[in-house]
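Just the heavy atoms: all of them, side chains too, but no hydrogens, waters or symmetry mates, feed the values below.
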Amino acid sequence: MQLQLEYFLLSGAALFCLGIYGLITSRNAVRVLMSIELLLNAVNLNLMGFSNFLDPSGIKGQVFAIFVITIAAAEAAVGLAIILAIYRNRDTIDMEQFNLLKW
Amino acid sequence: MNLAAGVQLVCFFVLTGMMLTAAVGVVLLENIVYSAFLLAVVFLSISGLYILLNADFVAAAQILIYVGAVNVLIIFAIMLVNKQENFANIPKRWIRKVATGLVCFSIFALLTTMILITPWSLDATSPAVIDNTVIELAKHLFSDFLLPFELASVLLLMAMVGAIILARRDLIPETTTSPLTLPERPRELASVSTKSTED
């Protein structure tokens, strides 16, 4: 019995669904950012699995994973800055209170 | 990877169990500081999975960037918005949670069936694994992925400038600034001082 591609894809899918659940249900804005990081990592796991099992000689999936990691770092910095600004504005980090755009 | 197949399998299941348990903790725990530290556990186990997938450089980059930078950034943000806040109860909230859980479970079921019924075109022969991934990655980054690579550097610069501009406090124009004081002041102090001058 060997490591299969399906194992990595399944664990990536499970991590992705957990991330979506946290993204939608959590009320703390910082936890929403953490859920986004979970989502990006799940996608990265998929990319790395494909890179190892389907394209092991020219590792393009790893290059994509590096780009995703770069974008994720930039996104985390900007997202946390936005959370800080909105916390100064509204004096709360409850996602239910951020309803300025609600019609 | 030179490990035996059984060892690889055991490592995979241990790492996946750690990853999923910690991810459940990140999503569900009440205390957000515990969530932040469990997020580091998630990142570390994912890096272990990368090593199982013969990607040593990306595993190292994962630890350096995620655990070293992103997680520390998140912990700093938790400290900066340090507010013990009891969220007001919202009626019918459990309906939303149950609906979200149902939707997520159906997405997972869909993905699982798709993964299992798709015939992945794997070649039966064990492929030649390149032993030095750094050289191969550098070749890719500087030949066919050169434009995205340079764009990523521009994007990082933009993100850095944008984060600083978004997160800094407002500048307070002051007529009598002695050279030893900082040109910016926290907003609470500013509002207090303007109030006192109005009085």
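- Listed by chain and number, the residues in a side chain to side chain donor-acceptor pair (under 3.5 Å) with B/T16 amount to none (sequence neighbours excluded).
- Proximity to chain A (any heavy atom under 4.5 Å) is shown, for B/I115, by both the backbone and the side chain.
- Taking every heavy atom of both residues into account, B/L53 and A/G49 meet most closely at CD1-N, 3.8 Å.
- Contact annotation: the side chain of A/F50 approaches that of B/W120 to within less than 4.5 Å [non-hydrogen atoms, C-beta and beyond].
- Within a 6.0 Å sphere centred on CZ of B/F108, other residues, nucleotides and ligands contribute more than 12 heavy atoms.
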Yes or no on side-chain contact (heavy atoms from CB on, under 4.5 Å) for A/Y87 and B/L80, after CA distance, side-chain angles and deciding distance?
CA-CA 10 Å; A/Y87 172 69; B/L80 284 175; over 6 Å; no
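- Interatomic distance, B/L155 CG to A/I71 CD1, rounded to the nearest 0.5 Å: 4.5 Å.
- Checked by atom type and distance alone, the side chain of A/R31 pairs as donor or acceptor with a backbone atom of B/L29 at under 3.5 Å.
- Annotation: side chain of A/L45 is in contact with side chain of B/Y50 (closest heavy-atom distance under 4.5 Å).
- Side-chain atoms of A/N44 and B/I46, non-hydrogen and from C-beta on, never get closer than 4.5 Å to each other.
- Taking SG of B/C104 as the reference point, atom CD1 of A/I24 lies at 5.5 Å (rounded to 0.5 Å).
- Ring orientation note: the planes of A/F64 and B/F145 are nearly perpendicular, at an angle over 60° on the 30°/60° scale.
- Residue B/F105: no heavy atom, backbone or side chain, is found under 4.5 Å from chain A.
- Atom NE2 of B/H140 and atom CD1 of A/I66 lie 10.5 Å apart (nearest 0.5 Å).
- Under the 4.5 Å side-chain contact rule for hydrophobic residues, B/V103 and A/I36 share a cluster.
- Only the side chain of B/F12 comes within less than 4.5 Å of a heavy atom of chain A; its backbone N, CA, C and O stay farther away.
- For B/D144, the part sitting under 4.5 Å from any heavy atom of chain A is the side chain, from C-beta outward, and nothing else.
- Nearest heavy-atom pair across B/A167 and A/A81 is CB-CB, 3.9 Å.
- Side chains of B/Y66 and A/N41 form a contact here, defined as non-hydrogen atoms less than 4.5 Å apart.
- Heavy atoms closer than 4.5 Å to chain B are found in both the backbone and the side chain of A/Y21.
- A salt bridge between A/E96 and B/R96 is present, with a side-chain N of the basic residue lying under 4.0 Å from a carboxylate O of the acidic one.
- Considering CG of A/L10 and CG of B/L116, their distance stands at 5.5 Å, rounded to 0.5 Å.
- Separation of atoms CG (A/L33) and CG (B/L39) is listed at 10.5 Å; rounding is to 0.5 Å.
- With contacts defined as side-chain heavy-atom distances shorter than 4.5 Å, the pair B/F57/A/Q62 does not qualify.
- Other residues sharing the hydrophobic cluster of B/V154, ordered by chain and number and joined by side-chain separations under 4.5 Å: B/M158.
- For chain A, no part of B/F76 is nearby; none of its heavy atoms comes within less than 4.5 Å.
- Interatomic distance, CG of B/L49 versus CZ of A/F8, reported as 5.5 Å (0.5 Å rounding).
- With a 4.5 Å cut-off on non-hydrogen atoms, B/L20 touches chain A through its backbone and its side chain both.
- Checked against A/L18 for a side-chain contact (heavy atoms from CB on, under 4.5 Å), the options B/L28, B/V26, B/V24 give a single hit: B/V24.
- Nearest approach of A/L80 to B/A77, heavy atoms of both residues: CD2-CB, 3.4 Å.
- Neither the backbone nor the side chain of A/S51 comes within contact range of chain B; no heavy atoms are under 4.5 Å apart.
- Using a 4.5 Å cut-off between heavy atoms, B/V70 touches chain A through its side chain atoms alone.
- Heavy atoms closer than 4.5 Å to chain A are found in both the backbone and the side chain of B/L73.
- Within the 4.5 angstrom heavy-atom criterion, atoms from both the backbone and the side chain of B/I107 approach chain A.
- B/R93 places a side-chain heavy atom less than 4.5 Å from the side chain of A/R27.
- A 4.5 Å side-chain heavy-atom check between B/L166 and A/L84 finds every atom pair outside the cut-off.
- Residues B/L141 and A/F67 form a side-chain contact, since some pair of their non-hydrogen atoms from C-beta on lies under 4.5 Å apart.
- By the 6.0 Å contact criterion, OH on B/Y34 is open, its count of non-hydrogen atoms from other residues, nucleotides or ligands being 12 or less.
- For chain A, no part of B/A69 is nearby; none of its heavy atoms comes within less than 4.5 Å.
- The shortest heavy-atom contact between B/S35 and A/M34 is CB-CE, 3.8 Å.
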